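Counting from 1, the numbers follow the sequence of the chain as shown. Remember, predicted model here, so these are calculated numbers, not experimental data.
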Amino acid sequence: MDEQPEPAQTAGGGLDRRAELCEFLRTRRARLKPEDVGLPDFGRRRVPGLRREELAQLAGVSVAYYTRLEQGNGRNVSAEVLDAIARALRLNDAEHAHLTHLAKPKQHKKKPVARSRQVRPALRHLLDSIDNVPAYIVGRRSDILAWNRMAAALFGDWAEQPAQERNWARMVFLRPEYRELFVEWDQKAADIVGYLRMDAGCHPDDPQLSALVGELSVKSEEFRRLWAAHDVKEKSYGVKRLRHPLVGDLTLSFETFRLVDDGEQSLMTYHAEPGTPSAEALRLLASWGADATRSGTRASAPSE
């Protein structure tokens, strides 16, 4: 088994922001080759990727300045320098935002745990009114906070799990039935880790997130490997292929709607193209209702 570094933590139980900044820059630099950025390659390198002096040259900063930043000292770095480094590293929008969060963290007002998990009654009513579309509210750390009947029929009855277990990362990495549910499980797993990385960049002092990362790092070698890659991703939209124990294969489009009044919560919906077998499968799940939820849970439950 390959050894992966344990996530660095602060004395308060959160993740070490300076260590996160250091490793993020190092891994982004390591994935670039000189020819990727128009530099000559003078043969074999001791470690993969660009050298610090090459990256500094591309960004237009001194080697000493960039070295201090990669060592986690971004206290006085300007937005213009971060933009230049992001361009030199070929960062996408999510990676650029993550770099900014790590180097120039914002002060967040800490919400009580109970409040951060609250879903407005109107949103719960909205979920209940969506009859044929699986939908749920996801919060910090990929916690599932509320869902409708169709989401339970598609993904399993989350009401039967303790609140702390209603978490996408725990389910995807620790529960075997979700490996069977997601046809491209590897991609789903990478997406979840990318979301957690973005969350960690915004809230490195979150002890619950640190505890979740520590738990998954101990229990899942795959999580440990993906976490060490420092890849980040924003929740957005796309297509997921699922293999449901009752209705078989489905190809569903998903959308993410970030809530205006609470940026830590998002509404997720899944829908099928009209007239497709996937649309018919969702219609069957909707018609079976609670029976589909109970039967699906039994069919996908791991054996004792």
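- Residue Y237 holds its OH atom at 13.5 Å from OG1 of T269, rounded to the nearest 0.5 Å.
- Remark: E273 CD is loosely packed, at most 12 non-hydrogen atoms of other residues, nucleotides or ligands lying under 6.0 Å away.
- Looking at residues two or more places apart in sequence or on another chain, you find a ring-ring contact (aromatic ring centres under 6.0 Å, His included) between F223 and F173, W227.
- The closest donor-acceptor contact from the side chain of S220 to the backbone of L216 lies at 3.5 Å or more, if one exists at all.
- Listed for the S278 side chain is a donor-acceptor partner under 3.5 Å among the backbone atoms of T251.
- Among all heavy-atom pairs drawn from L32 and R90, the shortest one is CD2-CG, 4.1 Å.
- In this structure D143 satisfies the side-chain hydrogen bond (donor to acceptor under 3.5 Å, both in side chains) test together with R117, N167, sequence neighbours excluded.
- For Y195, there are no ring-ring contact (aromatic ring centres under 6.0 Å, His included) partners, not counting sequence neighbours.
- Residues that satisfy the side-chain contact (heavy atoms from CB on, under 4.5 Å) test with P274, not counting sequence neighbours, are absent from this structure.
- To the nearest 0.5 Å, atoms NZ (K240) and CG (L181) are separated by 11.0 Å.
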* Test side chain to side chain contact (heavy atoms under 4.5 Å, CB included) applied to E234 and D93, step by step -> CA-CA 9 Å; E234 288 271 22; D93 289 344; over 6 Å; no
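- With hydrogens and angles disregarded, no donor-acceptor distance shorter than 3.5 Å links the side chain of S142 to the backbone of V138.
- What you find for D16 and R18 is that their closest heavy atoms are OD1-N, 3.1 Å.
- Applying the side-chain hydrogen bond (donor to acceptor under 3.5 Å, both in side chains) rule to H230 yields the partners R197; only residues at least two apart in sequence or on another chain are considered.
- Screening residues 45-64 for ring-ring contact (aromatic ring centres under 6.0 Å, His included) gives no qualifying pairs among residues at least two apart or on separate chains.
- Judged by distance alone, with hydrogens and angles left aside, the side-chain atoms of R17 form a donor-acceptor pair with the main-chain N or O of L102 at under 3.5 Å.
- Taking every heavy atom of both residues into account, K104 and L82 meet most closely at CD-CD1, 3.8 Å.
- Contacts of R124 classified as side-chain hydrogen bond (donor to acceptor under 3.5 Å, both in side chains), with partners at least two apart in sequence or in another chain: none.
- With sequence neighbours left out, the side-chain contact (heavy atoms from CB on, under 4.5 Å) criterion links D249 to R243.
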Pairs under 3.5 angstrom only: tabulate donor-acceptor contacts from the side chains of residues 127-135 to other protein residues two or more places apart or in another chain.
from: S129; atom 1: OG; to: L126; atom 2: O; distance (Å): 2.7

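- No side-chain donor from either of Q265 and R120 sits under 3.5 Å from a side-chain acceptor of the other.
- Partners of D199 according to the side-chain hydrogen bond (donor to acceptor under 3.5 Å, both in side chains) rule, which considers only residues two or more places apart in sequence or in another chain, are R140.
- The aromatic rings of Y270 and F254 lie tilted to each other, with the angle between the two planes from 30° to 60°.
- Counting only residues at least two apart or in different chains, salt bridge (Lys or Arg N to Asp or Glu O under 4.0 Å) contacts with residues 60-70 comprise R29-E70, R52-E70.
- Residues satisfying the side-chain contact (heavy atoms from CB on, under 4.5 Å) criterion with E184, sequence neighbours excluded, are Q187, R241.
- The two residues L55 and A88 make their nearest non-hydrogen contact at CD2-CB, 3.9 Å.
- The side-chain tip of R166 does not point at the ring of W158 from less than 6.0 angstrom away and within 45° of straight on.
- For the pair Y178 (side chain) and F155 (backbone), a donor-acceptor distance under 3.5 Å is present.
- In this structure, W168 and Y136 have tilted ring planes: the angle between them lies in the 30° to 60° band.
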